[in-house]
Amino acid sequence: MVRFNVLEHELVPEHYLVPQEEEEKILKEIGVKKENLPRIKKSDAVLRVLERKYGHIPVGSLIKIVRKSPTAGRITVYRVVVRD
């Protein structure tokens, strides 16, 4: 059970679950294979909070992270969910 919502902390960027039907389009757009993306562990506190919002998030799902940047404004990065 998650007692603290890490997504409400000012230092944690916005995280979203990418719908499965959009994954191929995004991977083609950024020109990378899913296995080459950085990873996020299934046990990560952010994923536990996202599962409260989206339901079960299977291994291999794509997570979109939107970060604020003082030089670039906002940047979007992606992570693949992996087992612990």
Side-chain angles (χ1 to χ4, degrees):
M1 174 168 208
V2 179
R3 290 184 227 151
F4 177 73
N5 184 347
V6 295
L7 292 176
E8 292 176 356
H9 193 280
E10 66 184 22
L11 296 177
V12 178
E14 301 168 29
H15 286 66
Y16 305 95
L17 174 65
V18 174
Q20 202 167 16
E21 56 272 6
E22 291 182 26
E23 287 183 2
E24 275 304 314
K25 180 184 167 201
I26 290 170
L27 292 173
K28 194 174 183 175
E29 218 173 80
I30 61 176
V32 68
K33 293 180 180 176
K34 193 185 262 187
E35 59 267 17
N36 295 332
L37 285 173
R39 300 172 179 134
I40 185 168
K41 288 185 177 182
K42 181 81 173 148
S43 61
D44 192 285
V46 169
L47 277 185
R48 287 187 274 157
V49 172
L50 287 178
E51 284 189 326
R52 286 193 304 195
K53 180 177 179 181
Y54 297 107
H56 174 71
I57 298 176
V59 170
S61 297
L62 205 58
I63 304 296
K64 176 181 176 180
I65 302 169
V66 181
R67 293 187 173 139
K68 293 177 188 166
S69 165
T71 55
R74 293 169 59 97
I75 60 168
T76 302
V77 296
Y78 295 93
R79 300 279 186 267
V80 176
V81 177
V82 294
R83 293 184 206 285
D84 298 328

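Distance check: Lys28 NZ to Ile26 CD1 gives 13.5 Å after rounding to the nearest 0.5 Å. The CD atom of Glu23 lies 5.5 Å from the CD atom of Gln20; values are rounded to the nearest 0.5 Å. Of the inter-residue distances, the one linking Tyr54 atom OH with Ile63 atom CD1 reads 8.0 Å to the nearest 0.5 angstrom. Between the CG atom in Leu27 and the NZ atom in Lys33 there is a gap of 11.0 Å [rounded to 0.5 Å]. Distance check: Tyr78 OH to Ile30 CD1 gives 6.5 Å after rounding to the nearest 0.5 Å. Residue Leu7 holds its CG atom at 8.5 Å from CZ of Arg52, rounded to the nearest 0.5 Å.
Between Lys64 and Glu22 no salt bridge is recorded (no basic side-chain N to carboxylate O distance below 4.0 Å). Between Lys68 and Glu10 there is no salt bridge, since no side-chain N of the basic residue sits under 4.0 Å from a carboxylate O of the acidic one.
Side-chain contact between Leu17 and Val81: absent, with no pair of heavy atoms (C-beta onward) separated by less than 4.5 Å. Side-chain contact check for Ile75 versus Val66: every heavy-atom pair is 4.5 Å or farther apart. Ile65 is not listed as a side-chain neighbour of Val46, based on a closest heavy-atom distance of 4.5 Å or more. Using a 4.5 Å heavy-atom threshold, the side chains of Asp44 and Val6 count as separate.
For Glu51, the CD atom counts as densely surrounded, since its 6.0 Å shell holds more than 12 non-hydrogen atoms of other residues, nucleotides or ligands.
With hydrophobic clusters built from ILVMFWY side chains whose heavy atoms lie under 4.5 angstrom apart, Val32 does not share a cluster with Val77. Tracing side-chain contacts under 4.5 Å through hydrophobic residues (I, L, V, M, F, W, Y), one never reaches Leu62 starting from Tyr16; they form parts of separate clusters.
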Inset, instruction - Using the side chain to side chain contact (heavy atoms under 4.5 Å, CB included) rule, take Val80 and Ile40 through it: C-alpha gap first, then chi angles, then the decisive distance, then the call. - result: CA-CA 6 Å; Val80 176; Ile40 185 168; over 6 Å; no
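Using a distance-only test at 3.5 Å, with no hydrogens or angles considered, a donor-acceptor pair links the side chain of Lys42 to the main chain of Ile57. A side-chain donor-acceptor contact under 3.5 Å links Lys34 to the backbone of Gly60.
Considering all non-hydrogen atoms of both residues, Pro13 and His15 come closest at O-ND1, 2.8 Å.
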